[in-house]
Amino acid sequence: MTLEWGRHYAMVEPSQFRVDYAINPFMDPAVQPDPQLATAQWQHLVETLRSLGSTVDVVPGRADSPDMVYAMNLGLAILRPEWEGAGRRSMVMSHMRFPQRRNETPSAQRWFETHGFATSYVGREGVGAHFEAGDAFPFGGDLVVGVGPRTDELALKHLAADLGVTVRGVKITHPGMYHLDLAFCPLDERRAIVCPDALEPTSAAALLALVPEPLVITEEEAIGTLCANSVVVGRTVVMPACPPRVREQLEAWGFEVVLVDVSEFHLGGGSIRCLTNPLDITLGRELEAVPGGRVVAPPAEEGFAA
């Protein structure tokens with residue numbers, strides 16, 4: 001069945017985007033993006049999503065936050081149809097691992113609150129668990145969350161209790177795939193792009209077991225093309241690049257591949273998924289409600305106790 005989420009996004013306008021520091025292997029302050037080209041690429045992505053029927057809301061950037069353009073990491077939005085009033089739309093704000101990005105959160109929080117979201121945190125201002133929303137995806141009724149480089153395992157418990165869902169942790173170990181959104185892309189209810197090389201082996205096996213029909217990509221494909229960092233609108237996969245083998249499988253499954261060049265943003269370590277934050281993940285549809293929440297911790301590495 002076609003994904004029902006991915007039809008409403010928040011994106012941050014790119015006027016402040018630049019590379020001021022290096023917090024991932026892609027970033028080099030000596031190599032700066034072309035501002036005009038970056039703006040044109042970002043606008044093309046917005047136009048592409050809107051042409052496919054998605055709604056795109058634009059969030060203002062801030063001058064001291066050049067990475068804020070990577071809107072996926074501002075927070076995790078969940079719709080709660082059973083709630084009334086302001087709490088019907090909720091946003092768990094990210095608590096960034098690196099202090100260079102923490103100024104983004106209060107600005108984003110104000111924007112979301114003025115647009116009808118009730119906001120919460122798992123940690124903030126350097127205190128408490130770190131959580132970055134690029135590590136969190138619904139799949140199979142659960143919230144799959146990558147832990148390791150950017151998100152703490154302690155965040156799983158907070159998310160489960162806050163949202164009232166099952167949170168299933170997988171351990172990320174690859175330094176170049178520091179968010180789950182660089183290694184995992186849900187396609188529909190049965191299928192997802194998965195890069196096992198991003199994960200500790202037992203977590204990779206657990207994630208592959210969760211996805212009935214995985215499209216497995218290699219480390220080279222994931223890092224070299226950022227093809228897992230894509231978004232899905234119905235049966236269309238909007239991708240920065242697509243290896244021929246991956247395109248062949250997607251088209252065999254009935255997907256259309258649309259390529260959008262966002263290469264200027266690759267200089268900061270993010271691509272199409274990183275630039276977009278879905279606002280329509282819904283409790284009771286994508287996520288099964290579990291009163292009080294439930295945590296499935298990352299599988300223990302073979303040879304070690306859980």
Side-chain angles (χ1 to χ4, degrees), residues 6-20 22-29 31-61 65-74 101 104 108 132-135 137 176-187 193 195 198 217 220-234 236-244 246-247 250 255-279:
R7 300 171 191 269
H8 187 185
Y9 294 99
M11 294 178 63
V12 176
E13 58 84 20
S15 64
Q16 306 302 324
F17 172 57
R18 58 193 181 275
V19 180
D20 282 358
I23 60 172
N24 66 56
F26 295 88
M27 302 177 83
D28 180 355
V31 182
Q32 290 296 320
D34 179 310
Q36 290 185 327
L37 180 56
T39 297
Q41 291 180 347
W42 183 90
Q43 189 60 49
H44 183 208
L45 177 58
V46 172
E47 292 168 355
T48 299
L49 293 173
R50 287 175 173 163
S51 74
L52 293 171
S54 288
T55 299
V56 177
D57 296 335
V58 178
V59 181
S65 299
D67 273 350
M68 192 171 173
V69 73
Y70 300 114
M72 180 67 184
N73 286 298
L74 297 179
R101 294 201 64 181
E104 301 171 27
E132 298 190 7
D135 280 325
F137 287 93
M177 289 180 272
Y178 40 87
H179 283 133
L180 190 62
D181 63 15
L182 291 162
F184 181 60
C185 178
L187 298 167
I193 298 172
C195 181
I217 62 173
E220 182 180 4
E221 289 169 331
I223 295 293
T225 71
L226 299 185
C227 64
N229 201 251
S230 301
V231 301
V232 180
V233 183
T236 301
V237 190
V238 184
M239 310 183 77
C242 188
V246 175
R247 180 188 286 271
L250 290 172
F255 291 97
E256 178 186 4
V257 174
V258 173
L259 300 183
V260 176
D261 181 7
V262 291
S263 53
E264 292 302 290
F265 298 96
H266 294 181
L267 299 176
S271 194
I272 288 173
R273 173 66 73 183
C274 290
L275 294 167
T276 57
N277 191 316
L279 303 182

Side-chain contact test, heavy atoms from C-beta onward, threshold under 4.5 Å: evaluate it for Pro186 versus Val232 and give yes or no.
no
Taking Asp181 for the side chain and Arg273 for the main chain, is one N or O donor matched with an acceptor at less than 3.5 Å?
no
Search all heavy atoms of Asn277 against all heavy atoms of Ala71 and return the closest pair with its distance.
ND2-O, 3.0 Å
What's the shortest heavy-atom distance between Phe255 and Val237, and which atoms?
CD2-CG2, 3.8 Å
Note: Cys185 and Ser230 closest approach over all heavy atoms is SG-O, 3.5 Å
Just do the side-chain contact (heavy atoms from CB on, under 4.5 Å) check on Leu250 and Leu187 with the steps written out, would you?
CA-CA 9 Å; Leu250 290 172; Leu187 298 167; 3.7 Å; yes
Backbone of Phe265 reached by a side-chain donor or acceptor of Tyr70 within 3.5 Å
yes
Taking side-chain contact (heavy atoms from CB on, under 4.5 Å) as the definition, give me every residue that meets it alongside Glu221, ordered by chain and number, with sequence neighbours left out.
Ile217, Thr218, Pro243, Arg245, Val246
Rounded to the nearest 0.5 Å, what separates atom CD in Glu264 from atom CD in Gln36?
11.0 Å
Per side-chain contact (heavy atoms from CB on, under 4.5 Å), Val238 is matched among Val262, Leu259, Leu52 by Leu52
Using a 3.5 Å distance criterion without hydrogens, assess whether the side chain of Glu13 forms a donor-acceptor pair with backbone atoms of Ser15.
yes
To the nearest 0.5 Å, atom CG of Leu279 lies from atom OG of Ser54 at 10.5 Å
d(Asn73 CG, Asp135 CG) to nearest 0.5 Å is 7.5 Å
What's the spacing between Leu49 CG and Arg7 CZ if we round to 0.5 Å?
12.0 Å
Interatomic spacing from CG in Leu74 to CE in Met68 - rounded to 0.5 Å
5.5 Å
Could you check Met239, Met72, His266 and say which one makes a side-chain contact (heavy atoms from CB on, under 4.5 Å) with Ser271?
His266
Which pair of non-hydrogen atoms, one from Gly268 and one from Phe17, has the smallest distance, and what is that distance?
N-CZ, 4.3 Å
Between the main-chain N or O of Ile272 and the side-chain N or O of Thr276, is there a donor-acceptor pair closer than 3.5 Å?
yes
Tightest non-hydrogen contact, residues Pro25 and Gly176, listed as CG-CA, 4.1 Å
Which residue, Arg101, Glu104, Gln16, forms the side-chain contact (heavy atoms from CB on, under 4.5 Å) with Ser65?
Glu104
Is it true that, when you exclude Glu220 itself, more than 12 heavy atoms of the residues, nucleotides or ligands shown sit nearer than 6.0 Å to its CD?
no
